[in-house]
Amino acid sequence: MLHFRRSALLKELFRTNLKRTGAVSRTETWVLSHNCVATGSSFDAKVASKLKVLHAGAHRPLLNGGAPWSARSYCTKSEGAETPDEQVKKDEVNPGATTGDKRRNAGVLPSLEDLLFYTIAEGQEKIPAHKFITALKTTGLRTGDPRLKECMATLKETLKNTSDGVMLDRHLFKKCVQSNIVLLTQAFRKKFVIPDFPAFSSHIDELYESAKKLDEGQVADYIPQLSKFSPDLWAVSLCTVDGQRHTVGDTKVPFCLQSCVKPLKYAIAVHDHGTDYVHSFIGKEPSGLRFNKLFLDEDDKPHNPMVNAGAIVCTSLIKQGASNAEKFDYVMDFLNKMAGNEYVGFSNATFQSERESGDRNFAIGYYLKEKKCFPEGTDMTSILDFYFQLCSIEVTCESASVMAATLANGGFCPITGERVLSPESVRDTLSLMHSCGMYDFSGQFAFHVGLPAKSGVAGGILLVVPNVMGVMCWSPPLDKMGNSVRGIQFCTDLVELFNFHNYDNLRHFAKKHDPRREGGDQRQTTFGPMDYESLQQELALKAPLWRKISPTESHQDSSTTVVYRVDS
């Protein structure tokens with residue numbers, strides 16, 4: 001067992017810590033002693049266990065702009081121990097030594113790769129590869145995540161060269177994970193936006209099953225191709241801003257975006273031209289009328305980009321002067337990037353069906369042409385063809401959830417890290433989705449759910465929880481407003497269970513879970529006695545590991561003091 005007690009050197013250790021170079025925004029010094037004395041801000045004991053407690057000064061940047069976190073352990077004895085000043089002198093004598101050599105000489109804890117191995121191995125010398133994969137999936141990451149491509153490729157190649165093709169020792173494990181260690185450390189330290197992802201996923205499954213029981217609504221038939229879908233199809237997929245994924249139901253069945261493409265092409269138009277230019281042609285107000293009405297505002301402009309008239313004009317703003325083929329490829333390239341290169345296809349049958357049954361949209365097009373709503377030189381019939389093509393773009397629930405997550409993530413695709421849309425275009429898109437995205441139900445949806453969303457007559461609902469996740473719900477039966485019956489129920493239940501509503505007060509919420517905090521709905525700001533006891537027990541369990549790393553440390557010496565420096 002490790003013993004924690006104040007020593008005479010404590011004051012000197014504090015002084016040495018404070019002299020360390022390196023700019024940090026805030027420095028907290030933690031002293032673990034028999035009396036459990038600590039200074040600093042809040043610290044979650046559960047998070048402190050495993051990697052967070054043992055993590056030793058890996059000066060690597062964290063994801064999403066997070067500050068580097070490091071913890072250094074100085075184990076000192078009343079006699080015979082090497083002081084930090086002595087270590088500095090050694091460095092001066094051997095200036096060619098690497099940072100790793102200096103850390104090992106100083107008796108600092110091991111690399112992140114080592115700590116990740118010890119966390120998963122739980123005392124074993126080797127681990128089966130499937131144990132690592134299983135542990136990875138509990139964080140919400142997938143083995144097919146583009147960010148883990150190198151790690152998974154190395155793992156596959158490494159297993160081919162092992163005697164049994166299954167087991168990994170520490171050195172082989174390090175070889176596999178070192179290329180993606182920052183992302184993996186974030187995942188296993190529960191530093192993603194949803195820390196307890198298995199519990200959250202379980203709640204999502206329950207909401208899915210509850211909505212599945214509904215058998216109301218009718219599958220849209222005014223576009224003949226849509227009427228072929230089974231009313232029993234029901235799927236929900238989500239992707240967080242950190243790339244955590246969960247799917248349930250018929251999530252791999254392709255379906256057309258239909259009106260769910262409207263916010264996406266609006267975002268592309270604003271990304272290319274800016275807000276002022278786009279809204280010189282289109283308004284920003286809810287119309288209060290059916291989405292396919294022949295009606296303009298008092299300035300003879302479509303009310304907003306989420307109704308058919310506004311979406312047709314918005315279509316005319318994309319790649320002006322190019323052919324329809326070039327325009328279509330341009331939009332598809334954007335959507336592929338938003339989906340992290342997951343499935344984005346095209347249904348020619350739906351396109352032909354839409355064009356053959358699109359009399360109302362042709363009427364709207366001619367009305368817009370009469371009122372001079374298009375940019376000068378626009379070919380209205382060509383624009384309508386392009387409009388029908390965009391409505392016929394196919395996705396799956398899984399790929400569409402990544403698109404929604406790109407909007408939730410400020411324009412960055414979570415699973416590739418690529419900037420796809422400008423912050424301005426994302427902000428304006430979410431604003432209009434919030435006020436106008438759900439047809440005639442937009443006001444009620446904003447009131448009850450309080451999140452940006454867009455529905456389509458194919459049965460999809462694209463839902464965005466800003467800075468948290470994107471969701472795609474899909475079920476073909478629609479209510480009288482044209483929204484998916486099961487999708488509306490799922491969104492409503494989601495906000496009743498979790499404090500995702502735009503106006504749920506995160507500081508004084510009640511009766512709702514907050515999945516962004518570990519533990520669901522607990523806000524912990526200070527250490528309690530049991531927290532320190534748990535922390536000491538965790539450190540004690542790792543004593544054999546520490547003996548290997550710090551040969552100068554004596555676990556029998558009652559004067560041993562451990563000082564943690566936490567940079568955040």
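Numbering of residues begins at 1 and proceeds along the displayed sequence.
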*Spell out, as yes or no, whether a donor-acceptor pair under 3.5 Å connects the side chain of Thr315 to the backbone of Ala311.*
yes
*Find out whether Phe295 and His303 are in side-chain contact, i.e. whether some heavy atom of one side chain is under 4.5 Å from a heavy atom of the other.*
yes
_If I compare all heavy atoms of Ala339 with all of Ile415, which pair ends up nearest, and what's the gap?_
O-CD1, 4.2 Å
*Do Asn304 and Lys284 pass the side-chain contact (heavy atoms from CB on, under 4.5 Å) test, and can you show the C-alpha distance, the side-chain angles, and the key distance before you say yes or no?*
CA-CA 5 Å; Asn304 61 74; Lys284 309 181 187 75; 5.9 Å; no
*Using 30° and 60° as the class limits, which term best fits the ring planes of Phe346 and Phe328: parallel, tilted or perpendicular?*
perpendicular
*Got more than 12 heavy atoms from elsewhere within 6.0 Å of OH, Tyr366?*
no
*Under 3.5 Å, side chain of Asp242 to main-chain N/O of Gln244, donor-acceptor pair present?*
no
*asked:* With rounding to the nearest 0.5 angstrom, report the CG to OG1 distance, Leu136 to Thr139.
replied: 4.5 Å
*Return yes when atom CD of Gln218 has more than 12 non-hydrogen atoms of other residues, nucleotides or ligands closer than 6.0 Å, and no otherwise.*
no
*Which distance, rounded to the nearest 0.5 Å, do you find between the CZ of Arg245 and the CG of Leu141?*
10.5 Å
*Is the side chain of Thr492 donor-acceptor paired with the backbone N or O of Ile488 at a distance under 3.5 Å, no angle test?*
yes
*asked:* Less than 4.5 Å apart, side chain to side chain, heavy atoms only: is that true for Asp297 and Glu285?
replied: no
*Does the His513 side chain pair with the main chain of Asn499, one donor and one acceptor, at a distance under 3.5 Å?*
no
*Test side-chain contact (heavy atoms from CB on, under 4.5 Å) on Val495 and Leu451 and set out the steps.*
CA-CA 9 Å; Val495 171; Leu451 292 171; 3.9 Å; yes
*Evaluate side-chain contact (heavy atoms from CB on, under 4.5 Å) for Ser202 paired with Glu206, printing each intermediate quantity in order.*
CA-CA 6 Å; Ser202 178; Glu206 291 172 4; 4.0 Å; yes
*Using the side chain to side chain contact (heavy atoms under 4.5 Å, CB included) rule, pick out the option among Thr429, Leu462, Val331 that qualifies with Leu264.*
Leu462
*Can you list the steps and then say if Ser455 with Asn483 is a side-chain hydrogen bond (donor to acceptor under 3.5 Å, both in side chains)?*
CA-CA 6 Å; Ser455 59; Asn483 300 313; 2.5 Å; yes
*asked:* Tyr208: which residues meet the ring pair (Phe, Tyr, Trp, His ring centres under 6.0 Å) condition with it, sequence neighbours left out?
replied: Trp234
*Output field: ring centroids Phe445/His434 closer than 6.0 Å*: no
*What heavy-atom pair brings Val465 and Ala408 nearest, and what distance separates the two atoms?*
O-CB, 3.6 Å
*In terms of the angle between their ring planes, are Phe197 and Phe200 parallel, tilted or perpendicular, with boundaries placed at 30° and 60°?*
tilted
*Find the distance between CG (Leu294) and CD (Glu370) and round it off to the nearest 0.5 Å.*
10.0 Å
*Can you measure from CD1 (Ile282) to SG (Cys314) and round to the nearest 0.5 angstrom?*
4.5 Å
*Counting only heavy atoms not in Lys131, do more than 12 sit closer than 6.0 Å to its NZ atom?*
yes
*Any Lys454 side-chain heavy atom under 4.5 Å of Ser259 side chain*: yes
*Start with the C-alpha gap between Asn308 and Lys293, add the side-chain angles, then the distance that decides, and say whether side-chain hydrogen bond (donor to acceptor under 3.5 Å, both in side chains) holds.*
CA-CA 8 Å; Asn308 286 13; Lys293 286 286 186 180; over 6 Å; no
_In the structure I gave you, are the side-chain heavy atoms of Phe281 and Pro375 within less than 4.5 Å of one another anywhere?_
yes
_Under-4.0 Å salt bridge between Arg142 and Glu398_ = yes
*List the atom of Ala405, the atom of Val241, and the distance in Å for their closest heavy-atom pair.*
O-CG1, 4.4 Å
*Report yes if some heavy atom in the side chain of Met380 is under 4.5 Å from a heavy atom in the side chain of Phe374; otherwise report no.*
yes
*asked:* If we check side chain to side chain contact (heavy atoms under 4.5 Å, CB included) with Ile223, which of these qualifies: Ser353, Ser392, Cys391?
replied: Ser353
*Any side-chain heavy-atom pair from Met332 and Val344 closer than 4.5 angstrom?*
yes
*Output the distance between atom CD (Gln352) and atom OG (Ser347), rounded to the nearest 0.5 Å.*
9.5 Å
_Check this for me, if you would: do Asp196 and Lys190 make a salt bridge, where the nitrogen-to-carboxylate-oxygen distance has to be below 4.0 angstrom?_
no
*For the pair Lys301 and Asp299, evaluate salt bridge (Lys or Arg N to Asp or Glu O under 4.0 Å) and give the outcome as yes or no after the intermediate values.*
CA-CA 5 Å; Lys301 294 193 295 188; Asp299 297 320; 5.1 Å; no
*Please step through side-chain contact (heavy atoms from CB on, under 4.5 Å) for the pair Ile181 and Ser179, ending with a clear verdict.*
CA-CA 6 Å; Ile181 189 59; Ser179 59; over 6 Å; no
*Apply the side-chain hydrogen bond (donor to acceptor under 3.5 Å, both in side chains) test between Glu354 and each candidate in Gln258, Gln389, Gln225; give the one that qualifies.*
Gln258
*Contact check, side chains of Thr158 and Lys175, non-hydrogen atoms, under 4.5 Å*: yes
_I'd like to know whether the aromatic ring centres of Phe500 and Phe498 sit less than 6.0 Å apart in this structure._
yes
*Rounded to the nearest 0.5 Å, how far apart are CG of Leu226 and CG of Leu478?*
9.0 Å
*Using the benzene-type ring in the case of Trp, are the ring centres of Phe447 and His501 under 6.0 Å apart?*
no
*Specify the closest pair of heavy atoms between Pro466 and Pro452, including all atoms of both residues, with the distance to one decimal.*
CD-CD, 4.2 Å
*If you take all heavy atoms of Val420 and His271, which pair is closest and at what distance?*
O-CE1, 3.6 Å
*In sequence, state the C-alpha distance, the side-chain angles, and the governing distance for Asp379 and Thr381, and then conclude on side-chain hydrogen bond (donor to acceptor under 3.5 Å, both in side chains).*
CA-CA 6 Å; Asp379 182 345; Thr381 55; 2.9 Å; yes
*Heavy-atom count around Asp333 CG within 6.0 Å, excluding the residue itself: above 12?*
yes
*Hey, is Asp514 close enough to Arg516 for a salt bridge, meaning N to O under 4.0 Å?*
yes
*Given His279 and Asp428, is the side-chain hydrogen bond (donor to acceptor under 3.5 Å, both in side chains) satisfied, shown in steps?*
CA-CA 11 Å; His279 286 287; Asp428 294 347; 5.6 Å; no
*Between Pro477 and Gly217, which heavy-atom pair has the shortest distance, and what is it?*
CB-C, 3.9 Å
*Any side-chain heavy atom of Lys512 within less than 4.5 Å of one from Asp504?*
yes
*Distance flag, aromatic centroids of Phe490 and Trp474, threshold under 6.0 Å*: no
*Quick check: are there more than 12 heavy atoms from other residues, nucleotides or ligands sitting under 6.0 Å from CG of Asn348?*
yes
